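The sequence lines fix the lettering, A, B, ..., with proteins before strands; numbering per chain opens at 1. Since we're looking at a predicted model, the values are computed, not measured. FYI, side chains are in, hydrogens and waters are out, and symmetry mates aren't considered; it's all heavy atoms of this structure.
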Amino acid sequence: MLARSNLFNGRYLSVFVGIVMVLASLSACTTSNSTNNSTTPQNTSPITIGYTVPRTGDFSGDGPLLEQGYQLWADQINKNGGLLGRQVKLIGEDDASKPEQVTTDYQSLITVNHVDLLFAPFSGDLTVPAAIVAHRFGYVMVEGAATEKATYLHGLDNLFAVSLPAEHYITSFANFILSLPQAQRPTTAAYVTSNDPFTEPQVAAARDLLENNGQPGGLDSVLYRTFGPETTNYRTLAAEIVQSGAQVVVLGTLDVNGLSQFLKYFRSQHYNPEALIAATGPDQGSAYLNAIGDGNPKDTAFANRMAEGTFVPNDGWYPGINTYQNDVFTQDWQAKNPGQPPDGISSDTVQGFAAAQVLQQAIEATHSIDNTTLKAYLRSHTFNSIQGAVQFDAQGRNTVAVAFLFQWQNGKLIPVYPPSRAAANPEFPKMPWP
Amino acid sequence: MALLIQAVILGILSGGVYALMASGMTLIFGVMRIINVAQGIFVILGAYLSYKLEQTLHLDLFVGLLLTMPAMFALGVVVQWAFIRRLKRDDRIMMSFLVTYAVALVIEGVLTFLFSTNYVQLYAWYVDATFGVVGFYFRYFDVFAFGLSVVLLAGLYLLVYRTRFGYSLRASMQDPTAAALIGIDVERVSAITLGLGTALAAAGGVGFGAGSLFNPASSYDLILRLVVIIVLGGLGSLQGALVASLLMLVVGSVTTVLWSDTWSRLVFFVLLTVLLVFRPQGLFGRLEARQQ
């Protein structure tokens with residue numbers, strides 16, 4: 001009786017639970033491997049790809065757009081006869097923008113749905129927990145929408161990021177400034193950024209470049225300030241920039257509201273830097289023009305003059321760019337969004353599509369959906385995407401992605417740098433405020 | 001040094017507008033013993049009313065207040081009549097929190113339906129125009145808005161301390177039961193008070209809406225700030241609301257200049273905590289009530 005009760009006491013119970021967990025893991029791995037290797041010509045069952053996106057919660061605006069990229073790719077594949085002769089079936093879940101939900105969902109996709117492959121969720125906050133689960137079960141994760149620097153610092157050798165790392169977004173601007181003849185080149189710069197993991201590394205990287213890493217020819221950093229995410233009154237920070245008299249201003253803003261307060265304050269103080277760039281805000285088209293306008297949505301002339309000359313970082317894609325399958329992607333997107341111009345294509349959609357393109361190339365090259373095979377191939381080869389070339393380093397970052405520089409000119413966003421991609425010359429120095 | 005002076009001036013000018021918004025909220029608490037968490041959305045509603053009048057009738061922002069303040073006054077009276085007066089006295093504070101939160105959600109939903117979540121901003125010629133004083137440029141609007149705050153707060157002060165209604169109001173603040181026993185219609189005083197507080201929110205809305213972009217969700221950050229202001233100033237104290245508003249904005253600006261914006265809220269909340277340890281009633285809380 002005593003022995004029987006001991007069987008269920010702590011020590012034996014722990015051993016029992018441990019054995020069950022090991023068996024469960026082995027079962028999942030076995031299932032994963034068995035599905036991954038099922039690429040015989042006779043196999044006509046769909047290739048299943050699981051993922052989560054935030055359809056609710058903080059990132060609910062981005063999630064469906066990212067999913068649209070995955071869906072556009074899958075539709076295109078299936079329309080053209082499938083992948084390795086098999087149709088592609090997507091299994092998407094709502095992660096509610098919560099990392100813990102991501103973990104639960106990816107475990108479920110792998111152990112319950114037995115998906116063959118995985119796509120990633122949105123942003124570094126959600127992609128890292130997904131990649132950790134994927135790593136545990138031996139799956140690769142090719143992703144497009146997690147560009148923050150922190151994403152690559154977890155030592156996950158199954159994670160492959162096809163998009164330009166966010167910290168390089170403003171490098172094209174820095175390169176442009178440094179490319180100016182010495183006589184024209186500004187000598188001072190001010191940096192004010194949100195202490196957000198998306199913006200702060202961008203601004204810090206731009207500062208390092210503009211300082212020319214301490215070598216001659218760089219710009220003096222006369223101000224470097226950070227602000228918290230709860231800040232709503234930007235005028236004191238703007239006053240510091242004005243006081244600094246910097247010729248170049250780099251703003252790590254998070255939205256059009258913050259940026260508009262900076263710009264309006266600069267104008268009110270008759271301070272006009274020679275060059276100005278903001279991480280977020282000027283990329284938001286009509287929302288940006290409305291924010292910096294004179295309050296009359298129909299009077300765009302004033303807003304256009306306010307925007308004139310503002311530089312805008314670009315992550316490697318814009319409508320009409322001549323990259324791999326961009327024409328097909330744009331046509332398919334317009335077919336799904338009748339009457340909408342390509343300007344309405346979200347970068348989230350582009351990033352999702354690009355990640356899928358890279359995974360597709362690895363599968364077609366290896367004739368396999370085995371995750372171990374794919375990981376080795378992804379690590380050592382170069383790929384194409386609508387965002388340009390892709391080649392991964394040891395941390396899974398795309399080392400050959402190129403940042404473009406756009407500028408507001410006459411009410412339009414124009415690519416101006418590097419010269420090989422420019423549709424117009426950069427406007428420098430910036431025109432006076434209206 | 002010039003930057004520091006500039007930061008103090010910016011803090012004072014912005015603080016005046018916050019005082020206007022917070023004074024209505026603290027007045028409502030003082031008389032009715034309710035925490036009106038709808039004050040933030042009332043401010044945003046006032047801003048949208050001014051925006052609509054400016055866009056459709058090209059009515060000047062300050063002239064428009066002649067229409068929006070009475071309209072908002074009426075809204076406050078209706079809210080009091082329809083919801084607040086029904087609350088029982090023993091759990092009034094907690095229930096008022098829920099009721100005014102519900103009112104805020106309904107108004108936010110209606111505003112989102114009518115105006116969407118896109119940001120808008122109030123416009124008039126003086127919103128962005130500036131004038132120079134010793135090398136520093138002031139926005140006309142900041143000065144006008146500060147002036148409006150001074151005028152309205154002075155008017156409110158006279159109403160509360162120099163009129164017969166003010167005596168009734170302060171009597172209701174000190175002891176509603178005793179006030180009712182000497183013939184004061186406390187419910188009527190409460191309705192007028194909520195109306196006044198809501199009308200002041202309309203004026204605050206002009207100051208807020210011309211200072212930054214706003215959408216219906218802007219009320220959440222705003223209400224947090226207003227609650228902090230009236231706690232620091234002392235619940236129910238007009239002077240407290242004024243001083244706390246100026247203090248919060250000036251401390252924030254000065255910390256940004258001397259140290260970092262990242263730490264400006266921390267510094268303010270450390271000061272608030274220390275103060276509340278020694279004066280739990282806030283700067284002018286109960287002491288002022290006793291003096292009345």
Practice item. Look at atom CH2 of A:W433 and say whether more than 12 heavy atoms of other residues, nucleotides or ligands are closer to it than 6.0 Å. Key: yes
Revision key, fill the gap. Correct closest heavy-atom pair for B:Q6 and A:Y265 would be NE2-OH, 2.8 Å
Check your understanding: Checking heavy atoms, do the side chain of A:Q261, its backbone, both or neither come under 4.5 Å from chain B?
Key -> side chain
Check your understanding: Got a second to check how far A:Y234's OH is from B:D261's CG, nearest 0.5 Å?
Key -> 8.5 Å
Review point. For atom NZ of A:K149, is the number of surrounding heavy atoms from other residues, nucleotides or ligands below 6.0 Å larger than 12?
Key: no
Point to revise | Side chain / backbone / both / neither for B:D142 at chain A, heavy atoms under 4.5 Å | key: side chain
Practice item. Please lay out, stage by stage, how A:R235 and B:T256 fare under the test side-chain contact (heavy atoms from CB on, under 4.5 Å). Key: CA-CA 10 Å; A:R235 290 201 290 173; B:T256 298; over 6 Å; no
Practice item. Under 4.5 Å heavy-atom distance to chain A, tell me which part of B:S14 shows up: side chain, backbone, both or neither. Key: side chain
Check your understanding: Any donor-acceptor pair under 3.5 Å linking the side chain of A:S268 with the backbone of B:D128?
Key -> no
**Study point:** Which atom of A:A291 lies closest to which atom of B:Q121, heavy atoms considered
**Key:** O-OE1, 3.9 Å
Exercise for review: Check whether A:Q269 gets within reach of chain B through its side chain, its backbone, both or neither, counting any heavy atom under 4.5 Å.
Suggested key: both
Point to revise | Leading residue by heavy atom contact count with chain A [cutoff under 4.5 Å; candidates B:A124, B:S212, B:G132] | key: B:S212
Exercise for review: Check whether A:N257 gets within reach of chain B through its side chain, its backbone, both or neither, counting any heavy atom under 4.5 Å.
Suggested key: both
Study note, to complete from the structure: Rounded to the nearest 0.5 Å, the CZ atom of A:F302 sits from the OH atom of B:Y123 at a distance of 7.0 Å
Practice item. Pick one of side chain, backbone, both or neither for B:W259, based on which atoms fall under 4.5 Å of a heavy atom in chain A. Key: backbone
Check your understanding: Just wondering, more than 12 heavy atoms not from B:F62 lying within 6.0 Å of its CZ?
Key -> yes
**Study point:** Evaluation steps, side-chain contact (heavy atoms from CB on, under 4.5 Å), between A:N290 and B:Y119
**Key:** CA-CA 8 Å; A:N290 288 339; B:Y119 283 109; over 6 Å; no
Revision key, fill the gap. Those residues at least two apart in sequence (or on a different chain) that pass ring-ring contact (aromatic ring centres under 6.0 Å, His included) with B:F138 are B:F131, B:F136
Practice item. Report the C-alpha distance between B:V127 and A:K264 in whole Å, list the side-chain angles of each, state the deciding distance to 0.1 Å, and finish with yes or no for side-chain contact (heavy atoms from CB on, under 4.5 Å). Key: CA-CA 10 Å; B:V127 167; A:K264 288 182 175 182; over 6 Å; no
Practice item. Please round to the nearest 0.5 Å and tell me the distance separating atom CG of A:L237 and atom OG of B:S260. Key: 8.0 Å
Check your understanding: Mind checking which of residues 198-211 of chain B sit less than 4.5 Å from chain A, heavy atom to heavy atom?
Key -> B:G211
Review point. Is A:R225 reaching over with its side chain to a backbone N or O of B:V257, donor-acceptor style, under 3.5 angstrom?
Key: yes
Practice item. Select one option (side chain, backbone, both, neither) describing which atoms of B:L249 are under 4.5 Å from chain A's heavy atoms. Key: side chain
Check your understanding: So does A:Y224 have more than 12 non-hydrogen atoms from other groups sitting under 6.0 Å from OH?
Key -> yes
Review point. Do A:T236 and B:S253 have side-chain N/O donor and acceptor atoms under 3.5 Å apart?
Key: yes
Practice item. Check whether A:V242 gets within reach of chain B through its side chain, its backbone, both or neither, counting any heavy atom under 4.5 Å. Key: neither
Study note, to complete from the structure: Turns out that what part of B:T262 lies under 4.5 Å from chain A's heavy atoms comes down to both
Study note, to complete from the structure: Here the pair of heavy atoms bringing B:L3 nearest to A:A239 is CD1-O, 3.6 Å
